[in-house]
Amino acid sequence: MRRARPIAFAAVLVIAHRGASFDLPENTLAAFERAIEVGADAVEFDVHADREGRLVVTHDPPQAGQTYPTLEEALDLLRGRIPAMVELKTPWRYRRHDVVARSTRLLGPDDALVCFRRAALEQARTLMPGLRTVQHVGVGVSIRGARGAWAAGFADARVSRRGLRAAEALGLVTLVYTVNDPARMRALAQAGVGGIFTDRPGLALRVVPR
């Protein structure tokens with residue numbers, strides 16, 4: 001079994017966006033397994049709560065009659081092999097299911113919690129001091145609003161060198177999503193980003209500095 005590599009050691013982190021989702025259906029255990037096989041530094045995936053309150057892996061709100069991996073199943077697959085980056089989708093909709101606290105308690109020391117909502121990440125850090133959190137910025141949260149997180153997530157269409165430098169000045173790792181073009185991967189690496197979310201981790205590993 002491949003040991004999980006500490007996140008800090010790669011020159012540019014290659015984060016498998018919803019797993020190796022260019023090769024296999026996104027947010028599936030098979031896509032996560034493929035990301036491990038190609039050597040990604042971390043696997044990112046999305047979590048909602050279903051009507052029964054189960055934490056399920058899906059980008060869109062869960063639909064009745066469809067089957068999804070659970071958060072527990074995904075973390076069991078990844079644990080000890082690769083860090084997980086768990087993105088909580090619209091957590092305010094699921095307050096009655098206590099999704100922030102429940103998700104946080106399931107994470108390991110190498111995992112990270114990702115969200116657009118600052119309040120959710122602040123709650124998680126209170127519950128688990130030292131937890132890595134990734135605050136997406138530019139949609140409701142400014143770069144300054146990411147203070148206290150481990151990393152700031154930038155949409156590729158909106159990222160700028162000025163924004164990257166501002167985040168770095170706050171001590172934030174800079175991550176950009178979602179990058180699938182090799183020329184763009186190289187350009188972002190040259191701009192000094194800390195990592196990229198990509199559907200094509202195998203390609204990215206051949207392109208960015210290691």
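Count residues from 1 along the sequence. The figures here come from the full heavy-atom set of this structure, side chains too, leaving out hydrogens, waters and symmetry mates.
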With a 4.5 Å cut-off on side-chain heavy atoms, are [Y] and [X] touching?
X: T58; Y: K89; answer: no
X: R132; Y: P83; answer: no
X: R81; Y: E33; answer: yes

Lys/Arg-Asp/Glu bridge criterion (N-O < 4.0 Å) met for R161, E168: no
D50/R54 salt bridge by N-O under 4.0 Å criterion: yes
So does [Y] get a backbone contact from the side chain of [X], meaning a donor-acceptor N/O pair under 3.5 Å?
X: R34; Y: L24; answer: no
X: T198; Y: V179; answer: yes
X: T178; Y: F197; answer: no
X: R117; Y: P91; answer: no
X: E44; Y: A16; answer: no
X: D111; Y: A84; answer: yes

Please tell me whether [X] and [Y] are part of a single hydrophobic cluster in this structure, the criterion being side-chain heavy atoms less than 4.5 Å apart.
X: F22; Y: L188; answer: no
X: V141; Y: V134; answer: no
X: Y177; Y: W150; answer: yes

Shortest non-hydrogen separation from [X] to [Y] and the atoms involved:
X: A11; Y: P209; value: CB-O, 3.5 Å
X: D199; Y: S21; value: OD1-OG, 3.0 Å
X: A35; Y: V43; value: CB-CG2, 3.7 Å
X: F32; Y: A74; value: CE1-CB, 3.9 Å
X: L106; Y: L55; value: CD1-CD1, 4.4 Å
X: A204; Y: I196; value: CB-CD1, 4.1 Å

Measuring from atom [atom1] of [X] to atom [atom2] of [Y], what distance do you get when rounded to the nearest 0.5 angstrom?
X: L131; Y: L121; atom1: CG; atom2: CG; answer: 8.5 Å
X: R165; Y: L170; atom1: CZ; atom2: CG; answer: 13.0 Å
X: L172; Y: I143; atom1: CG; atom2: CD1; answer: 9.0 Å
X: T28; Y: R18; atom1: OG1; atom2: CZ; answer: 12.0 Å
X: T133; Y: M85; atom1: OG1; atom2: CE; answer: 10.5 Å
X: N180; Y: H17; atom1: CG; atom2: NE2; answer: 8.5 Å

Co-members of Y68 in a cluster of I, L, V, M, F, W and Y side chains, linked at under 4.5 Å: V56
Passing option when R186 is tested against V207, V208, D181 for side-chain contact (heavy atoms from CB on, under 4.5 Å): V207
I15 and its side-chain contact (heavy atoms from CB on, under 4.5 Å) partner, picked from D41, V176, L175: L175
Partner residues of F116 under the ring pair (Phe, Tyr, Trp, His ring centres under 6.0 Å) criterion, sequence neighbours left out: H136
Check against side chain to side chain contact (heavy atoms under 4.5 Å, CB included), R206 and L203: CA-CA 5 Å; R206 297 192 296 271; L203 172 65; 3.8 Å; yes
Check against side chain to side chain contact (heavy atoms under 4.5 Å, CB included), V47 and V99: CA-CA 9 Å; V47 170; V99 296; over 6 Å; no
Steps toward side chain to side chain contact (heavy atoms under 4.5 Å, CB included) verdict (L127, R105): CA-CA 8 Å; L127 292 169; R105 286 194 292 266; 5.6 Å; no
Worked check of side chain to side chain contact (heavy atoms under 4.5 Å, CB included) between L29 and F45: CA-CA 10 Å; L29 300 184; F45 57 87; over 6 Å; no
ring-ring contact (aromatic ring centres under 6.0 Å, His included) contacts in which one or both residues fall within residues 76-105, not counting sequence neighbours: H48-Y94
